[in-house]
Every structure is written in C-alpha cells, then in structure tokens.
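Working notes, beginning with the structure itself.
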Amino acid sequence: MTVTSALAAWLGARSDDQLVQLLQLRPDLAVPLPSSMAVLAARAEQRASVLRATDDLNTLDFAIVETLAVHSASRAPGDGTPLTRKALHAQLKGRATKAAIEESLDRLTARALVWLDGDDLHLVAAAAEALPWPIGSTTELPDALTEAEVVTALAAVSPAERALLEKLASTGPRGRTRDAAPGTPADRPVQQLLARRLLHRIDDETVELPITVGQVLRREPVTHPHSLTPPKPEPAKYAPADVNAVAAGEVGELLRHCADIIEALGQTPAPALRAGGLGVRELRRVAKQTGVDETRAGLLVELLAAAKLIEKGQPDPPPDFDSVDDYWAPTPAADAWLDGPPARRWTVLAMVWLDLDRMPWMIGMRDANDKPLAALSLELRTPTAPRDRRAVLELLAEFPSGSALDPTDIGRILAWRQPRWRRHFRREAIENTVREAAEVGLVGRGALGSPGRALLHGGVTSAADAEAAMEEALPAPVDHVLVQADLTVIAPGPLTPELQQRVALVADVESAGAATVYRIGEDSVRRALDAGLTAAELHTLFTTHSRTPIPQALTYLIDDVARRHGRLRAGMAQSFVRSDDPTLLAQVLAAPVAGALALRAVAPTVAISQAPLGEVLEQLRAAGFAPAGEDSAGAIVDLRTRGARISVRPNARQAYRPSPPSTEQLELLVAELRAGERAASARSGQSVRTDGTRTSTAATLALLQLAARVRRPVNIGYVDASGVASQRVVEPLKVGNGQLDALDPVTGAVRHFTLHRIASVALLE
C-alpha cells in the first residue's frame, strides 16, 4: 500500500466531525470538492497546502514534526519501521509533559500532518520543509550561546565579521567558504567567528549561523527549538478600574485630536501625492496645527481615512490655492461622526484600527530607495497587520484584568506559539503595536481595558458591548465651568455637548487634558458675537454655568466688545462697509487699510470694495476695527468658514476578504465526499452510460425504473449546474417529469436529480 492510499484509508476511518474540523483548519482542501478520500489525501500531502497548515503550529508541534522527520531520514533503505507513540514520549521526556505531547499530537492529526496506524506515527513528507529552523535543531543536544553571550560577542566583532553575519541572517543560515577548512589563518573573519562560536562549522567548505545569533541579528524574540514549554512571564498588576480610567483618558485625547485634524483638513485640504499618500510636509503642517507630534498625526489620519471620515478627491468648495489632481479632506460622514456620543465615536475608530491592514507606525521610515514612507501611501499596506495586531491583544486578554506584560515577554510568547511568524514579533513591532493600542484607548498602563476585551470578543454584539463598557469608563460629562480672574475658564471634565459648543465659541483652548483650560479674549468674544450671540446671552452663559464668581474684568470685556461690535457693518457689493457713525467710516477711509481694500465712499455712511467680504472683515479687524458681517436684511450673520468636504466615492474598491465556510456547509461537503467514496467503492452490475442519443436515454430511464421497482441502489454519475461531475449511491424512488427522486442511504433524505444531467447509471450488487 502506498503512503497516499494509507493516508486515504486513515482519513476514511475518521468521523464526520473530525473531517469537518480538518476542512475548517485547512479550507483549501475543500476547493473544489474532492471526489474521494484518495483525492483528499493527495491534496493533504501537497507542499503548498502543508506549509499553510503549519503557520499556526507552536514550538512543541514542530519538535514532534522534526523528531518524526529525523527518524524517517535515519532509517535504512527498506526499513519501514515507523516511530511509535511510546518512543516519541521517550525522546521528548523531561522537556515536555505527556499531556502536552498528546495535545500536540491531536493538533497535528486534526490537520492531517501526522496520521496513525495503530500506535505508529506517520508524517506527511512535506511537513519537514515547514520547519522554522534547520533540521536537527530539536533532536541534537544544544551547544549554543545564550542571548546575553551573543550580544557580548557581537559587540567585539569587526565590521567585516558583522557584515558576514548580517548576510547569513538575512539570506539563510548556511554559507559556503574555503576559510572553514582546518589550517586557515586564525585572523580570517570566518575563523574568528568560529572561535567565538558565532558560527558553526559543518564541513571544510560550509558554515552555519546558530539560531540564537540569527534571532539577535534580526531583532527577533530569542527562542530556542529545545524550549518545548511556553514562556511564563510575571505580569505587572494594576487595578482594573485604574486601567479603564487611563484608557478613557486617552480616548478623550484621541477624539479631540481627531476632531482637530478634521477641522484642519476642512479649512485647508492637503494636496495628495501623485502616488496617493499624504506628503511629509503636509503631515507636518497638520501636526503643527493640531498640536500633536508627527507620529501621532500619522496614526490619526490613517484611522480617519480607514473610517471614511477623510477621503482623497476634489473637495467642495475647492481650495483657493493652485489646483492639483486630488486633495485629502473630510467627508460628509465626518459631520455625523462629530455629532455622535463619545463612546460611539471611539468604537468606530477602535474597530477600524483592529482591522486596519496597514502599519501606521512605519510612517517616516525609509524604503528600499531610502525615501521616507508617507502616510496613507500604498507602501504601508501589510496584509498580515490585523492578524499580528489581534495576536498581541488576544495574548493580553488571556491574562486577568489589570495584567500588563513587557513587550519582550509578549514577543517571546508569540514567537514560541508561532515560530514560523517570529519575524513579525520583533520588539519594535510589539512596542509600536502596544503604543498604538494605548493611543486608541484599548490598552491602559500596558494592560487590556474592559472596552478592549469586549471589542475582541468578536460576537455580533461586541461593538455594542464595547461602546457600553467605554461609556461606563468615560467620566460623566459636567454642566459647569470655573471662571478665573485671569479670564481663563476651567472645565473640570468633559462638558455636555451643548455647553462645550458654546464655551468653544466664546473661548480658545489653552491646554487640554482631563481638565481643559480655555482663555477668553477680545477675538474670541467677537467670534461669539459674529455667530449671533448677544452680550446678554454671554453674561447668562457664564452666570448660569460658572461655579465661581464672575470676575468684573470678564463683564467689562464682553460689554466693551459688544458696544463696538457691529457699529461698522460689511456686506457684499462685491462688498460694502457701512456705519451709522460717519466719523467712524471716515476714520476707516483714512486708514491704510482702505487703500489695500480699494474702499470708495458712496455716501457719508457707506463705502464699497471689490474685495471679497471675508477679506474685508479680516483686514479691517487686523487694522484694529471691529466690523460685523450682515445679510441683505441687515441682520448679523455668522460668516465663519465651514470647511471643505469630499464625497465618498461609491465605486471605491474594497479589499477582498473571503468568508470561511460555515459548519453546516462543511457538513454538507463531508456528506458529498462520503457519497462519492461509497460510489467509488461499490461493485456495479448492469450499467448504462448516456451519450445524448434517444437509445441511451431510454436505456437510462428503463434501468432507473427497474431499480425503483426492485428497490436496488444505483451508482449514478451526475453533473450539477456548475459543471462539477460526481459519483453517488442512491436508492431510486420515482422516475418521471424529467426528474429522479431518490433516497440518500446515509442521511435518509430524499434528493432530486434532473434526468438530463445524469451521465451514467449502474445497478449495485
């Protein structure tokens, strides 16, 4: 019996639930549907499929794979003695518990990478190629430097020796050189490295880079194939309430900074690069306007773009400066997002970050051409980013609430669990992932918060649960402020939306945080008056909501600005300037600003200008006057710019993400596979194969009618609507109206077959 046929027999003996589990773990085996166990076994042995199936194996799993591979390679020709389960336990004794070994064997057999014949263990041949280290690393006794010894030894090597090691670390552990032979001068780089045990000699012309040395050079978590038990770090402990409070504080900053970026891009859309990203200069401008560093600004624009709150295109209204192909500007969805409750706004950004197939922390790094990576550019796309990100957070979720892990420990654990992916868990990658998670509000003090745990749950209600948890963690909004004598207003917490909007209108943010400090000045008061508020309304605002006495300086400031506000009116002629006080208008016409605006008096109280109204107001205010804008009826209007918006493109291509088949679909596939297996193994008697002629069609009908009368099963060849041919065993019940009604002997269900799709019929003995 060949290996494939033996594997097919073992697969045939598996239960339906075990086959469904196999197809869940290795979905590529089910496409297209295999017609028999032999076909399934052949696919299970294919190299590409085996390599995919080994991606999530841990170090102990690979140790068993290597032990079986070495045993198979060491057997003499013609010796078919496989390794037994008992012998495997004996070889790994002392390095892993019996229960862990059995659990590992269950994982390997569930993936059909290892199969059993009684107590004998058989390995799929291609599995040995998936080893994340050179073969023999697990089975041979360790003779390597520790991480600390490697770091010390590397500090003493010369640049030439270091370059040689870096080359082997990046291209492959083995290299060929004549300097490995005995008798080579000791001052040669290879001989120096051999002496320091930074290289191992294989033969006179071959050297090999030790695993630990390669991991240190690649800045990977240092793990060794002989470590068959997972690392057990000691997490730092914090109170869960403290973790949630820190995360909620970060959420407040996140939402505020995102709103600032939306406003900045709305006021001045950023020109897009030809490749589609956001240039370094534009990102620096946005960071300066919003008061954040460039690294954080890069993360926030990536989140906003992924959430479709900013988009690339032609904004409306278009920018005043030179036109380019596209700009980055907010979308109409940004307005709805800004009006939403804080917990819901956070949930949108957190879900986007979890599924973001990009690496924002790489912004500013150099590419292969030594050019900086731009925000929102295609070069930042990494398909494995969501998988790596969730691996880090799900590891934190395994520990009790309030448990924080060092990034080095996180990398070691993940590298032990998935050694084939250990390059994805470099310290810098883990540190930046945890930092981003903290900035998004999923992590506080290095521990996963309650909202983050709810979001990772992955169920239908995970977003709603996360929103509820964040709403509970966020401080309750306050409806009062503290007005100080120096004209500052302190908000002791997040303000209610209506109060926050009014305070932001009459005061400028001076410092933000858990308590936000606003400052009131002449410009900010005039801004509130421009928006339509009256002096009485401003007095009422502070009198009603301030827990401290209103300083007299604030009362005087509001009254003074309100007294001068609106005495000078500007409208559109292109624009006009009017005042009930002819002396004031004459003062304006005598000022240098009149020449800059080309003001011309048309009456003692009216002057006109060809400059836009916004420019007239801006320059008059800069010259020390206090004009107000008015409409055609003479009422004061709010002329603040609203910001540009870009419509989301409805035909934008979304990343394709195939959805895995459900358990019910896989159960149907296994049933079809069983039916095909029975049909292949059934012994046939009288048979008819249709070729489309009237004679063959009549013979097919006659044979099916005979089988229905005498209750004999038949093996039919059937071609479905998709053109897929299959063999199946059924018991005909009725033939007529162009259809065969037959009973499935396994499930007991009645199935219907179109007669013209039946390619062959054979009575079974």
Side-chain angles (χ1 to χ4, degrees), residues 250-335 337-338 345-346 348-350 352-353 356 358-366 371-381 432 435-436 438-441 504 508-513 516 640-648:
E250 286 291 340
V251 169
E253 292 293 284
L254 171 74
L255 299 181
R256 183 174 66 84
H257 290 157
C258 284
D260 290 344
I261 288 178
I262 289 175
E263 182 180 0
L265 291 177
Q267 299 299 330
T268 309
L273 298 175
R274 290 184 179 180
L278 184 66
V280 175
R281 185 178 302 172
E282 289 298 325
L283 181 63
R284 188 176 296 122
R285 173 184 67 82
V286 170
K288 185 177 181 180
Q289 280 186 262
T290 54
V292 301
D293 58 74
E294 293 181 33
T295 302
R296 182 175 177 83
L299 170 64
L300 299 187
V301 297
E302 289 281 351
L303 292 179
L304 294 173
K308 297 299 181 183
L309 301 179
I310 64 173
E311 183 61 272
K312 181 180 65 173
Q314 287 294 326
D316 182 26
D320 296 332
F321 40 89
D322 294 338
S323 177
V324 297
D325 292 337
D326 284 317
Y327 295 87
W328 285 101
T331 67
D335 299 314
W337 180 80
L338 289 170
R345 293 161 63 197
W346 169 80
V348 171
L349 298 179
V352 160
W353 180 77
L356 186 65
R358 303 170 61 77
M359 292 289 196
W361 57 268
M362 295 177 62
I363 295 173
M365 293 184 177
R366 298 282 173 173
K371 293 183 179 179
L373 296 174
L376 304 173
S377 62
L378 292 176
E379 290 80 3
L380 295 179
R381 185 174 182 274
N432 283 292
R435 176 186 57 78
E436 287 184 357
E439 293 183 9
V440 174
D508 298 317
V509 175
E510 189 168 82
S511 65
T516 304
R640 292 177 297 162
T641 56
R642 301 299 181 184
R645 292 294 183 265
I646 290 179
S647 299
V648 179

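Note that the structure is predicted; figures quoted are calculated from it, not measured. Here, residue 1 is the first one in the sequence, and each next residue gets the next number.
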Minimum heavy-atom separation for [X] and [Y], please, with both atom names.
{"X": "Ala375", "Y": "Ile363", "result": "CB-CD1, 3.7 Å"}
{"X": "Thr290", "Y": "His257", "result": "O-CD2, 4.4 Å"}
{"X": "Pro269", "Y": "Ala329", "result": "CB-CB, 4.0 Å"}
{"X": "Glu302", "Y": "Leu380", "result": "OE2-CD1, 3.2 Å"}
{"X": "Leu373", "Y": "Glu379", "result": "CD2-CB, 3.7 Å"}
{"X": "Ala374", "Y": "Leu273", "result": "CB-CD1, 3.8 Å"}

Can you tell me how far apart [atom1] ([X]) and [atom2] ([Y]) are? Round to the nearest 0.5 Å.
{"X": "Gln289", "Y": "Ile261", "atom1": "CD", "atom2": "CD1", "answer": "10.0 Å"}
{"X": "Leu356", "Y": "Arg381", "atom1": "CG", "atom2": "CZ", "answer": "10.5 Å"}
{"X": "Arg274", "Y": "Asp326", "atom1": "CZ", "atom2": "CG", "answer": "12.5 Å"}
{"X": "Leu265", "Y": "Asp260", "atom1": "CG", "atom2": "CG", "answer": "11.0 Å"}
{"X": "Thr295", "Y": "Glu439", "atom1": "OG1", "atom2": "CD", "answer": "8.5 Å"}
{"X": "Arg435", "Y": "Trp361", "atom1": "CZ", "atom2": "CH2", "answer": "9.5 Å"}

Side chains of [X] and [Y] in contact at under 4.5 Å (non-hydrogen atoms):
{"X": "Leu349", "Y": "Cys258", "result": "yes"}
{"X": "Tyr327", "Y": "Lys312", "result": "no"}
{"X": "Leu300", "Y": "Arg296", "result": "yes"}
{"X": "Trp337", "Y": "Ile262", "result": "yes"}
{"X": "Leu303", "Y": "Val440", "result": "yes"}
{"X": "Pro372", "Y": "Arg366", "result": "yes"}

Tabulate below the donor-acceptor pairs under 3.5 Å that side-chain atoms of residues 275-284 make, not counting sequence neighbours, or state none.
residue : atom : partner : partner atom : Å
Glu282  : OE1  : Arg285  : NE           : 2.9
Glu282  : OE1  : Arg285  : NH2          : 3.0
Arg284  : NE   : Glu294  : OE2          : 3.1

